[in-house]
Trainee: 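First the structure, then my questions, so here it is.
Each chain gets a letter, A, B and so on, in the order its sequence line appears, and its residues count up from 1. Because only heavy atoms are used, hydrogens play no part in the values below, and waters and symmetry mates are left out as well, while side chains stay in.
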There are 2 protein chains.
Amino acid sequence: MERELLLLGLLRRRDMHGYQLHEFIERFMQTCVDLKKPTAYYLLDKLAQAGYVAQSEEREGNRPPRRVYTLTEAGEQYFQTLLAQNLADYLPARFAGSVGLAFLDVLEAGNAAALLRQRRTVLANHLAQAQSAPPHGGSFQLVLEHQIVHLQSELTWLDEVINRLEGAA
Amino acid sequence: MERELLLLGLLRRRDMHGYQLHEFIERFMQTCVDLKKPTAYYLLDKLAQAGYVAQSEEREGNRPPRRVYTLTEAGEQYFQTLLAQNLADYLPARFAGSVGLAFLDVLEAGNAAALLRQRRTVLANHLAQAQSAPPHGGSFQLVLEHQIVHLQSELTWLDEVINRLEGAA
DNA sequence: TTTTCCATGTAACTCGTTACATGATTTC
DNA sequence: GAAATCATGTAACGAGTTACATGGAAAA
């Protein structure tokens, strides 16, 4: 449901068309959702059919006409419901990367440390990118903040694991 | 790929049948993977067809016969490859719950705080459960440790957000 | 003039889930 | 005798992705 929540929430601020929504989400929300273009259009269509958003064609010059979406009353209600649900519930993140950790002892300590140092580089890059992102208006800043706090905690822990391995080597 | 990695890694320690594998994963690995029974059987079949595991029927008394899987040489190779990849790469977790945070300012501060306190309860439960889990052998302990560190960081941050909201109210 | 950007979609496919089916065995 | 457990699957479905198609406009 979080994709719908996001789309509705963005439309709540101002009317937008699909391309615009997709672009915004890709640029600023990549940390929590990743929705492709076809999915965006599909979801918008579904929301429109459910009556949560209204469409209106708009053309500027000879450019391809665009379908602008507006939040309806029902949409606002639905948004509030989804928002309350999303905030009240904590759905634990799945760490696909943890699986490998379970088999760390399969490898010789030096070898394992080398691989984790590679992981550390990737992680540090993510963190640097998050930290260099321009500040965002309102609560959107919270999302970024959360991401940074999380990545920092990850980095600290990874360093500790690497240290242990190198101490053992 | 992390599901395959997990299955191969478990079979590497000892031969197991599908039911056993599924049960183990559900009980001890729920933090990083969640694979249902049909998926487990499907995956094992795929791994068998690819030659990474070998099957052998086994029956105990009149109980339903079970298909025991054994890691092959090729499977061991594949496991090593997957493991190295998994360790070297950091794939950022997606926080579906963050979406709601982006729209926190839509709600009146007290209201928002109330919802987040609910979230906090759920989160605290997850943490308590992770902390009370019995220690695991070898590197499996790392997975649990990681989960605990993560949940603690989440809780700390959540508390800070709630504090800010209550300060503003 | 060729590439990139704007703007929207469709079709086919993959992955995984739900719900269902089977049947023996142990536990209540 | 009923329910839960052991053990394996199939069939139908759903959500989301990839690859493809279209076509004008701006930029290189």
Trainee: Under a 3.5 Å threshold, yes or no: a donor from one side chain and an acceptor from the other, between A:Asp89 and A:Gln85?
Mentor: no
Trainee: If the cut-off is 4.0 Å, is B:Thr39 near the phosphate of C:dG16, judged by side-chain N/O to OP1 or OP2?
Mentor: no
Trainee: Atom CZ of B:Arg67 to atom C1' of D:dC6: distance rounded to whole Å?
Mentor: 15 Å
Trainee: Over all strands shown, is B:Pro65 touching base, sugar-phosphate only, or nothing at heavy-atom distances under 4.0 angstrom?
Mentor: sugar-phosphate
Trainee: Measuring from B:His22:NE2 to B:Met16:CE, what's the distance to the nearest 0.5 Å?
Mentor: 12.0 Å
Trainee: Whole-Å distance between C:dT8 P and A:Glu57 CD?
Mentor: 9 Å
Trainee: Rounded off to whole Å, could you give me the CG-to-C1' distance for the A:Leu7 and D:dG16 pair?
Mentor: 14 Å
Trainee: Just how far, in rounded Å, is P of D:dA19 from NZ of A:Lys37?
Mentor: 13 Å
Trainee: Enumerate the residue pairs fulfilling ring pair (Phe, Tyr, Trp, His ring centres under 6.0 Å) with a member in residues 37-60 of chain B, sequence neighbours excluded, ordered by first and then second residue.
Mentor: B:Tyr52-B:Tyr78
Trainee: Looking only at side-chain N and O atoms, does B:Glu76 offer a donor or acceptor that is under 3.5 Å from a partner on B:Gln80?
Mentor: yes
Trainee: Output the rounded distance in Å from CG (B:Leu44) to P (D:dG9).
Mentor: 9 Å
Trainee: For DNA chain D, find the residues of residues 9-30 of chain B with a heavy-atom distance under 4.0 Å and give them by number; none if there aren't any.
Mentor: B:His17, B:Gly18, B:Tyr19, B:Glu23
Trainee: If you measure only the distance, is there a donor-acceptor pair under 3.5 Å linking the side chains of A:His146 and B:Glu154?
Mentor: yes
Trainee: Could you check whether A:Asp45 gets within reach of a base, just the sugar-phosphate, or nothing at all, counting any heavy atom under 4.0 Å?
Mentor: nothing
Trainee: Aromatic contact between A:Tyr69 and A:His17, with the criterion being ring centroids under 6.0 Å apart: yes or no?
Mentor: no
Trainee: Using whole Å, report how far NZ of A:Lys36 lies from C1' of C:dT14.
Mentor: 15 Å
Trainee: Write down the distance between CZ (B:Arg66) and P (C:dT22), rounded to a whole number of angstrom.
Mentor: 24 Å
Trainee: With the side chain of B:Tyr42 defined as its heavy atoms from C-beta on, choose the nearest nucleotide among D:dG9, C:dT8, C:dC15.
Mentor: C:dC15
Trainee: Distance check needed: C:dG9 P versus A:Lys46 NZ, whole Å only.
Mentor: 16 Å
Trainee: From the set C:dA19, D:dA15, D:dT17, return the single nucleotide nearest to any side-chain atom of A:Pro38.
Mentor: D:dT17
Trainee: With nearest nucleotide decided by heavy atoms, which residue, B:Leu43 or A:Tyr69, maps closer to the 5′ end of DNA chain C?
Mentor: A:Tyr69
Trainee: We want to know whether A:Gln49 and A:Asp45 form a side-chain donor-acceptor pair, criterion being a heavy-atom distance below 3.5 angstrom.
Mentor: yes
Trainee: Tell me whether the OP1 or OP2 atom of D:dA15 has a side-chain N or O from A:Arg3 closer than 4.0 Å.
Mentor: no
Trainee: Quick check for you: among D:dG9, C:dA7, D:dT18, whose closest atom lies nearest to any side-chain atom of A:Tyr41?
Mentor: C:dA7
